[in-house]
Colleague: 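Just passing along the structure, written as structure tokens.
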Amino acid sequence: MAKIQTPQPVRGTQDIFGEEQERFQHVVETFERVRRLYAFKGVEMPVFEPTAVFSRSLGETTDVVSKEMYSFEDRGGDSLTLRPEFTAGISRAFLTNGWQQHMPLKLTAHGPLFRYERPQKGRYRQFHQLDAEIIGAGEATADVELLCFADQLLQELGIADGVTLQLNTLGDAESRNAWRDALVEHFQAHRKELSEDSQDRLERNPLRILDSKERQDRPIADAAPDIDAYLSTEAKEFFAQVTEGLDACGVAWTRNSRLVRGLDYYRHTAFEFVTDRLGAQGTVLAGGRYDGLIETLGGPATPAVGWAAGIERLGMLLTEVPEASLELAIVPTGDDATAKALSVANELRKTGFSADIFGSGKFKKRMARANQAGALAAIIIGEDELASGKLQFKNLATGEQTGLDVAEITEKMWDLRFSDDLDDLDSDLLALEQDVKFSGESD
RNA sequence: GCGAUCGUAGCUCAGUUGGUUAGAGCGCCGGUUUGUGGUACCGGAGGUCGGGGGUUCAAGACCCCUCGAUCGCCCCA
């Protein structure tokens with residue numbers, strides 16, 4: 001029989017396993033914990049939507065829509081698209097489910113997104129994002145709350161160092177249009193000096209010339225007018241409220257007047273948390289206000305703000321990855337003991353302890369693996385233990401070993417776990433004391 | 001979509017100007033040690049050299065195509 005060629009994974013997809021998966025999981029779990037602190041509700045969304053959901057809201061001419069979407073016709077002849085982002089789908093859900101009644105609605109989502117792009121470090125065709133949105137809140141406090149959430153998330157992930165929040169305003173629709181006209185005029189005057197890419201951008205998305213990396217574009221982009229001169233008093237006031245709010249909450253930010261957003265629906269606040277540790281994919285979390293979007297989907301004028309963050313990118317930045325922990329390693333030897341191991345494991349698991357059975361390889365190997373799994377203790381079961389009913393319970397940290405029955409083991413494990421928690425509490429207290437001392441000194 | 005670099009064992013890599021049977025370390029399995037984590041020593045399994053075509057007496061090395069990875073551009077989280 002001819003050997004069958006194993007199918008290869010699709011380009012730009014990942015099989016996330018081992019430490020990578022721990023990183024991924026830790027990012028998601030931290031996000032889930034922090035979003036509850038900010039009273040955001042979770043939402044599960046479909047992975048595909050009618051193509052119009054994205055083409056309408058992102059803008060037909062954007063690269064995402066014109067060349068990066070996974071669109072296909074289903075068997076009923078409808079054009080569907082694997083979601084390239086969360087915001088448009090959430091906005092659609094907001095309208096089709098009548099979620100207006102819950103406004104202002106604070107939502108989070110996370111999961112896979114799809115874009116047909118050239119894969120690179122931190123860039124995949126199926127990638128994963130965290131997403132947070134506030135729909136139906138036109139006040140600057142919503143922007144501030146969202147940014148505090150983002151800031152705290154990065155803090156708790158331990159990656160806030162080396163990440164800076166860059167902030168800009170695109171003004172309201174009027175301001176933005178006036179600024180845009182001024183920019184077009186400016187760039188038109190220097191058209192010949194611009195790079196080929198930027199001449200093209202001048203037609204499609206003139207704002208994008210501002211953050212061009214092309215060296216020859218820089219002088220022209222740097223000399224371009226800032227939005228500030230074109231801001232209406234309302235827009236100016238709005239931005240001031242955002243920055244004041246951030247200062248009041250102790251969120252560090254820097255103004256980047258060249259920061260623009262790629263998608264058409266953004267208004268007012270635009271922001272990016274940027275690191276220099278990921279090469280060309282330095283943006284780790286980004287978003288802004290999109291007051292115009294819901295209307296483009298046929299809904300009533302509804303203000304909204306949101307952000308998204310790449311889970312893979314956040315995962316790559318983690319310096320401390322929590323280890324997978326196992327509490328009990330059950331090491332049987334002999335057929336009877338192997339059969340017994342399952343029921344012992346079950347009993348312990350039902351009491352709430354994590355347990356795994358190390359039943360293959362020679363005995364020494366089993367112990368080594370139990371140790372490698374990071375188990376707190378090993379339970380050794382052999383002929384003698386089956387006869388006496390007293391299992392060998394070995395504390396893998398101290399090496400001490402005693403014969404105990406299952407009830408005694410659970411008791412012992414509660415103690416072990418409790419003393420672990422106490423240690424954690426101790427170090428927390430210690431850190432707290434130091435904080436207090438420091439703030440005392442600085443006064 | 002464009003440019004550049006790279007694909008050799010599960011992983012990280014070596015392999016001279018083309019020349020017999022393609023190597024190392026780590027990992028895996030076994031032994032020294034019939035039931036105790038480490039170390040050391042010994043042994044073993046594992047590769048159609050990403051795939052296809054070509055040049056040559058001879059290709060892992062050279063040429064072409066293709067697939068994939070990486071780094072930029074573009075775009076974007």
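Model, not experiment: these values are computed from the prediction. Just so we're on the same page: letters track the sequence lines, and every chain starts at 1.
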Colleague: Is A/Glu203 salt-bridged to A/Arg191, cutoff N-O under 4.0 Å?
Modeller: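 Yes, charged N to carboxylate O under 4.0 Å.
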Colleague: Does any nucleotide pair with B/G72 by Watson-Crick or G-U wobble geometry, both distances under 3.5 Å, and what is it?
Modeller: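 Pair assignment: B/G72 / B/C2.
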Colleague: Are A/Glu312 and A/His128 close enough that a side-chain donor and a side-chain acceptor fall under 3.5 Å?
Modeller: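 Side chains of A/Glu312 and A/His128: pair found under 3.5 Å.
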Colleague: Using a 4.0 Å heavy-atom cut-off, does A/Asp131 contact any base of the nucleic acid, only the sugar-phosphate backbone, or nothing at all?
Modeller: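 Here A/Asp131 touches no strand at all.
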Colleague: For A/Glu196, report the nucleic acid contact type (base, sugar-phosphate, nothing); a contact means any heavy atom under 4.0 Å.
Modeller: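 Contact class for A/Glu196: none.
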Colleague: Given that both distances must come in under 3.5 Å, which nucleotide forms a Watson-Crick or G-U wobble pair with B/U56?
Modeller: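 None - no nucleotide pairs with B/U56, as no candidate has both distances under 3.5 Å.
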Colleague: Nearest-Å distance, NZ (A/Lys121) to C1' (B/A77)?
Modeller: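 A/Lys121 atom NZ is separated from B/A77 atom C1' by 16 Å.
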Colleague: So what does A/Gly399 touch, heavy atoms closer than 4.0 Å: a base, only the sugar-phosphate, or nothing?
Modeller: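 Here A/Gly399 touches the bases of the nucleic acid.
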Colleague: For B/G25, what is the paired nucleotide under Watson-Crick or G-U wobble rules, both distances under 3.5 Å?
Modeller: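 Partner of B/G25: B/C11.
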Colleague: Which is true for A/Glu383 with a 4.0 Å heavy-atom rule: it touches a base, it touches only sugar-phosphate, or it touches nothing?
Modeller: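 Base contact - A/Glu383 has a heavy atom under 4.0 Å of at least one base atom.
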Colleague: Any ion pair linking A/Glu117 and A/Arg125 (charged N to carboxylate O, less than 4.0 Å)?
Modeller: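 Answer for the salt bridge query: no.
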Colleague: Looking for any heavy atom pair under 4.0 Å, which part of the strands does A/Gly12 touch: base, sugar-phosphate only, or nothing?
Modeller: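 Result for A/Gly12 = sugar-phosphate.
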Colleague: Any N or O donor-acceptor pair under 3.5 Å from the base of B/G35 to the side chain of A/Glu385?
Modeller: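 Looking at the base of B/G35, it does pair with a donor or acceptor on the side chain of A/Glu385 (distance under 3.5 Å).
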Colleague: Does A/Arg313 reach a base, just sugar-phosphate, or nothing at all? Heavy atoms under 4.0 Å.
Modeller: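 Base contact.
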Colleague: Between A/Asp143 and A/Arg289, is there a salt bridge with N-O shorter than 4.0 Å?
Modeller: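 Answer for the salt bridge query: yes.
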Colleague: Strictly by modelled atom types, are A/Asp226 and A/Trp179 linked by a side-chain donor-acceptor pair under 3.5 Å?
Modeller: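 No, because no side-chain N or O of A/Asp226 sits under 3.5 Å from a partner of the opposite role on A/Trp179.
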Colleague: Looking at A/Arg123, I'd like to know whether one of its side-chain N or O atoms comes within less than 4.0 Å of OP1 or OP2 on B/G72.
Modeller: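 No, A/Arg123 has no side-chain N/O under 4.0 Å of OP1/OP2 on B/G72.
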Colleague: Using a cut-off of 4.0 Å on non-hydrogen atoms, how would the nucleic acid contact of A/Asp211 be classed: base, sugar-phosphate, or nothing?
Modeller: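 Touches nothing.
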Colleague: Would you say the side-chain atoms of A/Tyr38 and A/Gln152 include a donor-acceptor pair closer than 3.5 Å?
Modeller: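 Note: A/Tyr38 and A/Gln152 side chains meet the donor-acceptor criterion.
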Colleague: Remember a base hit wins even if backbone is also touched, and classify A/Leu285 as base, sugar-phosphate or nothing at under 4.0 Å, heavy atoms.
Modeller: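 Here A/Leu285 touches the backbone only, sparing every base.
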Colleague: Between atom CD in A/Glu214 and atom P in B/C75, what is the gap in whole Å?
Modeller: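 Answer to the nearest Å: 10 Å.
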Colleague: Kindly point out which of B/G30, B/A77, B/U36 is positioned nearest to the side chain of A/Thr283?
Modeller: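 The closest nucleotide is B/A77.
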Colleague: Quick one: is B/G37 close enough that its OP1 or OP2 comes under 4.0 Å of any side-chain N or O from A/Gln372?
Modeller: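 For A/Gln372, the contact criterion (side-chain N or O under 4.0 Å from OP1 or OP2 of B/G37) is not met.
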Colleague: Rounded to whole Å, how long is the line connecting atom NZ of A/Lys213 with atom C1' of B/C2?
Modeller: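 Taking NZ of A/Lys213 and C1' of B/C2, I get 15 Å after rounding.
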Colleague: Specify the separation, in whole Å, of atom CG of A/Asp384 and atom C1' of B/G35.
Modeller: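 Answer to the nearest Å: 9 Å.
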Colleague: Taking NZ from A/Lys362 and P from B/C28, how many angstroms apart are they, rounded to a whole number?
Modeller: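 Taking atom P of B/C28 as the reference, NZ of A/Lys362 is at 12 Å.
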Colleague: Would you kindly give the CZ-to-C1' distance between A/Phe363 and B/U32, to the nearest whole Å?
Modeller: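 Taking CZ of A/Phe363 and C1' of B/U32, I get 19 Å after rounding.
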Colleague: Check if the side chain of A/Gln392 and the base of B/U36 share a donor-acceptor pair of N or O atoms closer than 3.5 Å.
Modeller: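 Under the 3.5 Å cut-off, the side chain and the base do not form any donor-acceptor pair.
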Colleague: Heavy atoms only, 4.0 Å cut-off, all strands: where does A/Gly122 land among base, sugar-phosphate and nothing?
Modeller: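 A/Gly122: base contact, heavy atoms under 4.0 Å.
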Colleague: With rounding to the closest Å, how many angstrom separate the P atoms on B/G50 and B/U16?
Modeller: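 Rounded to whole Å, the distance is 15 Å.
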Colleague: Between A/Arg417 and A/Glu327, does any side-chain N to carboxylate O distance fall below 4.0 Å?
Modeller: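 A/Glu327 and A/Arg417: salt-bridged.
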Colleague: Would you mind reading off the distance between A/Leu207 atom CG and B/C75 atom P, rounded to a whole angstrom?
Modeller: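 A/Leu207 atom CG is separated from B/C75 atom P by 12 Å.
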Colleague: With hydrogens left out and only the distance checked, is there a donor-acceptor pair under 3.5 Å joining A/Arg118's side chain and the base of B/A69?
Modeller: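 There is none.
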Colleague: A/Lys365 side chain N/O closer than 4.0 Å to the phosphate oxygens (OP1, OP2) of B/C29?
Modeller: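 Yes, because at least one side-chain N or O of A/Lys365 sits under 4.0 Å from OP1 or OP2 of B/C29.
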Colleague: Atom OH of A/Tyr116 to atom P of B/C76: distance rounded to whole Å?
Modeller: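 Checked: the OH to P distance equals 18 Å.
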Colleague: Counting only distance, no hydrogens or angles, is the base of B/U36 paired donor-acceptor with the side chain of A/Lys364 under 3.5 Å?
Modeller: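 No.
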